[in-house]
Protein chains: 2
Amino acid sequence: MNDSVLTPERILAAAEDVLRRYGPGKATVVDVAQALGVSHGSVYRHFASKAALRDAVLRVWLERMMAPLRAITAARSSPPTRLRNWLSALREAKRDKVLGDPELFATYSALAADAREVIGEHVDHLMQQLATIVAAGIKSGDFRQVDPAATAKAIFDATSRFHYPGMAHLWADPGEDAAFAQLLDLLLTGLAAAPAPAGQMPAVASGTRRKTVRPD
Amino acid sequence: MNDSVLTPERILAAAEDVLRRYGPGKATVVDVAQALGVSHGSVYRHFASKAALRDAVLRVWLERMMAPLRAITAARSSPPTRLRNWLSALREAKRDKVLGDPELFATYSALAADAREVIGEHVDHLMQQLATIVAAGIKSGDFRQVDPAATAKAIFDATSRFHYPGMAHLWADPGEDAAFAQLLDLLLTGLAAAPAPAGQMPAVASGTRRKTVRPD
DNA sequence: TGAATGACAGATTTCAAATATTGTCATTTT
DNA sequence: AAAATGACAATATTTGAAATCTGTCATTCA
């Protein structure tokens, strides 16, 4: 098992493996070291504590999960479509994980419970992406004039039901798809620029109506 | 303690007391019986099992919490206002409970975790009330033509973040009020009847525009 | 005769002793 | 000299035997 030099990367990979095999409660630093054929003292040369190792593993996992979302954020489809796709992708990523391998999902949920800081950063990243899409929608005239950051948070909050791991126990229900679609419709309607608002308009130059129609 | 005859009501009251004092994990049927000055066998004459007793206590507690919501549902203010008040009241009821007495809240959350059926009924009741308000809003012309039941579910889902006990750990945050207000605005905008819809309208007789303006 | 009791079997919980883990660091290895 | 080791103290977890609890029911009580 002692292939090359001991690097943080090799330790991370081994840790992920051990975690997958043993579960979150039982995986020990000694196990990880053993998997690498080294003493557990060596692991502490690269990670300050078990918590630090745990955080690093979690970060890798979250990063992997976020990759498709980044792509959607940067896509060229219309902002409303992008928003729909992004939220659907977030939901499906979690849903597939929890339905596909409940144990592993539970493992990572357990990790996450003790890694508030990492989760905080993660959520911040997600909301920044949402805000980007919302801002694009305002610019294109598809969305009302709203505060992108605050609205991003509202959208994230509103969809928690479908992506927050603590609610995973509801995700196997048959009505879930319909409920999610219903919610998306409600949110997008709330976000849409009023076609011809009779009366009060936000006090902003309304020169940015929807200009181009892009393929969805 | 052996005042009058043993009734389900007296047992319920004692059970609630014991639960409050001992916590959810430690309260035993023997404790409840002891508090009443009877043998535990007598309790089983009135409740088939500890689970049944637990369910009954939970039902009483939930019923008490729902009372103000019923009042709001039946109020005479405009449907949008009623919806706002109802959702705010739901949020505040839970928030006050969890911030006011975290232990007791944890106790009841623990009960709830093993009483899916009772919780299911409870949620159904809540959604029915929401649907009533939504239907009223459609009738008054304040809301778009939507399916009241499906929309009630969407609204309930969208606000889970602020009333689902599993998310209580977020409720002490200072930004919570603003976030909730933001979400309410987004939902109510999404629900509002378009002032002058340019183009596609639902295939429904649109003879029910907002007729009267009531005091909010 | 209907309500209450308490002994009982089986299941669950508790608690303290035994074991394992984390994190450090003086020593060994390469 | 940098990397790795493993003995060690402090902490956390596991374990299993004893105690407690749930739910039943034959018997007692009023």
Side-chain angles (χ1 to χ4, degrees), chain A residues 1-58 103 106-107 109-111 113-118, chain B residues 1-58 103 106-107 109-111 113-118:
Chain A
M1 266 288 173
N2 197 346
D3 287 12
S4 59
V5 284
L6 195 58
T7 62
E9 287 71 30
R10 286 189 59 220
I11 296 176
L12 273 179
E16 206 173 329
D17 234 45
V18 168
L19 217 52
R20 179 173 263 110
R21 215 190 310 289
Y22 291 22
K26 299 199 164 185
T28 73
V29 176
V30 173
D31 292 332
V32 174
Q34 205 161 56
L36 289 161
V38 300
S39 77
H40 77 278
S42 300
V43 171
Y44 281 95
R45 176 166 297 283
H46 299 274
F47 292 93
S49 65
K50 190 186 188 181
L53 179 55
R54 185 246 287 127
D55 286 1
V57 170
L58 185 56
E103 297 223 3
T107 292
S109 294
L111 292 199
D114 305 314
R116 297 186 151 268
E117 185 162 341
V118 175
Chain B
M1 265 291 172
N2 198 346
D3 288 12
S4 60
V5 283
L6 195 58
T7 62
E9 287 71 29
R10 286 189 61 222
I11 296 176
L12 271 181
E16 206 173 331
D17 234 46
V18 167
L19 216 51
R20 178 173 263 110
R21 215 188 311 290
Y22 292 20
K26 299 197 164 185
T28 72
V29 176
V30 173
D31 292 330
V32 174
Q34 204 161 55
L36 288 162
V38 300
S39 76
H40 78 278
S42 300
V43 172
Y44 282 95
R45 176 165 296 282
H46 298 275
F47 292 93
S49 65
K50 189 186 188 182
L53 178 54
R54 184 250 281 133
D55 286 2
V57 170
L58 185 57
E103 298 222 3
T107 292
S109 293
L111 292 200
D114 306 314
R116 298 185 150 267
E117 184 161 344
V118 175

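Here is the naming used below: chain letters follow the sequence lines, and residue numbers restart at 1 for every chain. Just the heavy atoms: all of them, side chains too, but no hydrogens, waters or symmetry mates, feed the values below.
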Classify the side chain of H40(A) versus the base of dG23(C) as yes if they form a donor-acceptor pair under 3.5 Å and no if they do not. yes

Residue-level proximity of residues 20-28 of chain A to DNA chain C when a heavy atom falls under 4.0 Å: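 DNA chain C contact set from residues 20-28 of chain A: T28(A).
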
Please determine whether side chain to side chain contact (heavy atoms under 4.5 Å, CB included) holds for the pair Y44(B) and V29(B), giving the CA-CA distance in whole Å, both sets of side-chain angles, and the decisive distance to 0.1 Å. CA-CA 9 Å; Y44(B) 282 95; V29(B) 176; 3.7 Å; yes

Rounded to the nearest Å, what distance is computed from the [atom1] atom of residue [X] to the [atom2] atom of nucleotide [N]?
X	N	atom1	atom2	result
F47(B)	dA3(C)	CZ	C1'	16 Å
K50(B)	dA11(C)	NZ	P	17 Å
Q34(A)	dG6(D)	CD	P	12 Å
Y44(B)	dG6(C)	OH	C1'	14 Å

When you check the phosphate oxygens OP1 and OP2 of dT5(D), does a side-chain N or O of S42(A) lie under 4.0 Å from one of them?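 Affirmative; the distance criterion is met.
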
Once rounded to the nearest 0.5 Å, what's the spacing between atom [atom1] of [X] and atom [atom2] of [Y]?
X	Y	atom1	atom2	answer
E9(A)	L12(A)	CD	CG	7.0 Å
Y22(B)	T28(B)	OH	OG1	8.0 Å
E117(B)	L58(B)	CD	CG	12.0 Å

If you check the S39(A) side chain, which of dT22(C), dA4(C), dG6(D) turns out closest? dG6(D)

Would the distance check show the side chain of R54(A) and the main-chain N or O of D114(A) forming a donor-acceptor pair, the cut-off being under 3.5 Å?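 Yes, R54(A) side chain to D114(A) backbone: donor-acceptor pair under 3.5 Å.
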
Base, sugar-phosphate, or nothing for V30(B), non-hydrogen atoms under 4.0 angstrom? base

Stepwise side chain to side chain contact (heavy atoms under 4.5 Å, CB included) test for L111(B) and L19(B): CA-CA 10 Å; L111(B) 292 200; L19(B) 216 51; 3.4 Å; yes

Closest-nucleotide ordering on DNA chain D, the 5'-leading residue of R45(B) and A51(B):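 Nearest nucleotide further toward 5': that of A51(B).
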
Assuming nearest nucleotide by heavy-atom distance, tell me which of A48(A) and H46(B) is located more 5' along DNA chain C. H46(B)

